[in-house]
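The structure appears right after this line, and notes come after that.
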Amino acid sequence: MESLRFGPLPDRPDLDVAVALTRLLHEDFVARGTRHDERMNDEEVVLAVKAHRAVLERLGLESPQLPFRHHSGFYDYWRKNDMSGGGGWQARRECIEELLGPTRQALEDLQEAEYEQRFKNGPRGTFKNLIFAAVGPKPQIVLRDAVSNEVEIVRNAENCLVYKDPLPLQGLTWRQMVTWWQAHHMPDTEEPEAADALYRRLYRSLDSLPEQTVLRTYCARYAEPDGFDLPALIPQVYLHYDPYTRKSGGHSGALHRERMDFLLLAPDRSRIVIEVDGAHHYGTKKPTGADGRTTYAASPRLYSEMVAEDRRLRLAGYEIYRFGGWELTRPDSPQVISDFFTELLTRHKKPTP
């Protein structure tokens, strides 16, 4: 019980542990309130409740607000709330069901989503971390431990953000991002202030007007009712660090997309990539003309590299959407973006059992 407060067990998923702990607490409190043959003493109940809360938080779920800490507290609670005497056992049973039933239902929903996911071609591999929103010189990354697949930023780490918290089964919401930001960057602030600071920090990582329009339009949804529970739109996410860049020459295995413009980790566990393509994505720059304008010549090579990387990501389970930079400079671009996200979020809702 004590070790669960500090991290998952090595051989048991948190979801399985949360289901077992919920059942244990439910059965033990019911036993205390009806038959007085509970298995845990007060000290053990306190540990179980703390472990239960920690595991639920790692899963992104709210823990039940128990008005008592242990069996003795439950006894005092039911006496003060007219649950003694004849038929009181049924009232006490219903009390426990009201407190722990919603948690059990939420866990069953997650189990169902996990079961359904086995029949989908989702992304391969396990979520480890996000390196994103770099400003200034890009980070340099090394594989510190190839056995455990641990990466480390050895240069310019101060220019980027790194999210290493466990990824809940239902994806990464804006509320969870803000909670992470508060814990690591603004521990003494309230949620609204931290959310505003995080948004401004993400916005600083974008130097393209079309990309800024995408972020600004999507993040306006956070101000709507339940907006903080929408998937977070994460800008400038590093996909890989490739030392064999195209500038190196002679390295046919060089990867051509170092980072994604935007990433959504959706409630159905899809990984959604959104790219905003300027002319440099598919063309080479021409010499500046007499009028000072910069123009580009279409490059079949650049286009082929771009679509080849799309194929690779799709086969790995990612979903990719592209915007042309030109369409995001039109007066109606905010509405185009808003309509797109409305349909996208509808398609990627949390699965229902």
Side-chain angles (χ1 to χ4, degrees), residues 1 4-5 7-9 11-30 48-67 93-128 130 163 165-180 191 221-222 224-234 263-272 317-319 341-353:
M1 293 293 185
L4 282 169
R5 296 172 59 192
L9 298 177
D11 57 346
R12 291 288 186 276
D14 269 342
L15 180 55
D16 292 351
V17 172
V19 170
L21 284 174
T22 303
R23 184 182 301 118
L24 173 64
L25 290 171
H26 189 285
E27 292 178 354
D28 232 46
F29 279 124
V30 168
V49 169
K50 290 180 178 179
H52 189 237
R53 183 183 302 117
V55 175
L56 290 176
E57 287 177 355
R58 289 199 293 270
L59 292 171
L61 298 177
E62 291 186 14
S63 56
Q65 301 301 308
L66 299 177
R93 183 188 293 272
E94 290 172 355
C95 170
I96 297 303
E97 176 60 27
E98 183 177 339
L99 291 169
L100 291 174
T103 299
R104 184 181 60 244
Q105 183 60 54
L107 291 169
E108 289 176 358
D109 290 346
L110 285 183
Q111 284 182 311
E112 186 68 22
E114 186 176 73
Y115 177 79
E116 292 291 337
Q117 189 66 20
R118 297 176 187 176
F119 300 94
K120 295 182 180 180
N121 293 320
R124 297 193 298 267
T126 303
F127 176 89
K128 294 285 290 185
L130 291 172
Y163 183 97
D165 288 2
L167 180 67
L169 291 176
Q170 67 272 29
L172 184 60
T173 67
W174 177 241
R175 188 182 306 280
Q176 288 154 353
M177 284 286 291
V178 172
T179 299
W180 162 82
E191 186 179 73
R221 294 172 178 259
Y222 297 151
E224 299 173 357
D226 299 323
F228 270 43
D229 296 315
L230 290 172
L233 184 64
I234 311 165
L263 177 67
L264 278 170
L265 300 173
D268 63 355
R269 286 190 278 181
S270 297
R271 297 181 187 176
I272 303 167
Y318 287 81
E319 191 170 315
F341 278 118
T342 296
E343 187 170 348
L344 182 71
L345 294 174
T346 299
R347 175 178 296 186
H348 289 282
K349 287 181 178 179
K350 176 183 174 182
T352 54

Please check if the side chain of Glu27 supplies one atom and the backbone of Leu25 the other of a donor-acceptor pair under 3.5 Å. no

side-chain contact (heavy atoms from CB on, under 4.5 Å) between Phe341 and Leu264, intermediate numbers included: CA-CA 11 Å; Phe341 278 118; Leu264 278 170; 4.0 Å; yes

Donor-acceptor pair between His52 and Thr22 side chains, under 3.5 angstrom: yes

Rounded to the nearest 0.5 angstrom, the CG-CD distance for Leu110 and Gln105 is 10.5 Å

How far apart are the closest heavy atoms of Tyr222 and Phe228, and which atoms are they? O-CD1, 3.4 Å

Gap between atom CZ of Arg53 and atom OG1 of Thr103 - 0.5 Å precision: 11.5 Å

Lys50 and Met1, any side-chain heavy atoms less than 4.5 Å apart: no

Does the side chain of Pro231 come within less than 4.5 Å of Leu345's, by heavy atoms? yes

Where do Leu265 and Leu263 come nearest, in terms of heavy atoms and distance? CD2-CD2, 4.0 Å

With a 4.5 Å cut-off on side-chain heavy atoms, are Asp226 and Arg175 touching? no

Tell me the closest heavy-atom pair linking Leu21 and Ala51, and the distance in Å. CD1-C, 4.0 Å

Which heavy atom of Gln65 sits nearest to which heavy atom of Ser63, and what is that distance? NE2-O, 3.1 Å

Does some side-chain heavy atom of Thr179 sit less than 4.5 Å from a side-chain heavy atom of Glu57? no

Separation between CZ of Arg347 and CD of Glu343, rounded to the nearest 0.5 Å: 6.0 Å

Parallel, tilted or perpendicular, as decided by the 30° and 60° cut-offs, for the rings of Trp180 and Tyr163: tilted

Check whether any side-chain heavy atom of Arg58 lies under 4.5 Å from a side-chain heavy atom of Leu4, and answer yes or no. yes

First locate atom NE2 of His26, then atom CD of Glu97, and finally report the distance between them rounded to the nearest 0.5 Å. 4.0 Å

Would you say that Leu59 contacts Leu107 through its side chain, given a criterion of any heavy-atom pair below 4.5 Å between the two side chains? yes

If you measure from CE on Met177 to CG on Leu130, what distance do you get to the nearest 0.5 Å? 7.5 Å

Any side-chain heavy-atom pair from Leu99 and Pro67 closer than 4.5 angstrom? yes

For residues Asp165 and Gln176, determine if any side-chain heavy atom of one lies less than 4.5 Å from a side-chain heavy atom of the other. no

Roughly how far, to the nearest 0.5 Å, is NE2 of His348 from OG of Ser270? 4.5 Å

